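Right, one structure below, let's go through it.
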Amino acid sequence: MDPILQLIELPFVAEYLQRIGGENALTVMKLMVEMGNAVTDEQVAEKMGVKVTVVRAVFNRLHYWGIADYTKEQNPETGWWTYTWFLVKDKIKEAVIGELEERESELRQKREELDQFMFFVCPEGHVREPFEVAMEYDFRCPACGAELQPLDVEEEKKKIDEQLDQIWRAKKILNEI
Ligand SMILES: [Zn+2]
């Protein structure tokens, strides 16, 4: 599989690309790769079964981030311009690396905190507070009144490690691009 496709399908990379490119960003990007990374808005719109304006909106957002770019060509007879769009792989790499590094340091910090502090959580997920704050709340959730429970540290670490593992996989893919 094309490494770009592998990369953009990783859950948090996909989430990031959708955040900057909009909800259709992933579909458009996948099609661009599959169609040989030289496409017009009409071609992509036809494949997706959506209006051209939907695809153009994605192109424009990706262009803003430098992730997509275009070449334009004028038809000498009609005078109309055709825009051919492509993904800029180096920019995708750069953007993803930046995002990965930020995530990784956040996760590592969170993991360290788990060893240093005791956390209490609402069983309904409303709050996650260190011991001192939980004590101020009388160990009751300020949102729903439920009794706060000590956080399952091992479970939490497992979740963090899974995410760190995803980052590691993404870095491996990035090295192949
Ligand atoms: Zn609650």
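Owing to the predicted nature of the structure, the values given are computational and were not obtained by experimental measurement. Just follow the structure's listing: the first ligand is 1, and inside any ligand the first atom is 1.
Considering all non-hydrogen atoms of both residues, T40 and F59 come closest at C-CE1, 4.3 Å.
Salt-bridge annotation for E113 and K110: absent, with no side-chain N of the basic residue lying under 4.0 Å from a carboxylate O of the acidic one.
W80 CH2: 12 or fewer foreign heavy atoms inside a 6.0 Å radius.
Qualifying side chain to side chain contact (heavy atoms under 4.5 Å, CB included) partners for A57, counting only residues two or more places apart in sequence or in other chains: none. Residues passing the side-chain hydrogen bond (donor to acceptor under 3.5 Å, both in side chains) test with K171 are E104, sequence neighbours excluded.
Protein N/O/S atoms closer to the Zn ion (ligand 1) than 2.8 Å number 4 in this structure.
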Kindly list each side-chain donor-acceptor pair under 3.5 angstrom involving residues 120-129, sequence neighbours excluded, with atom names and distances?
none

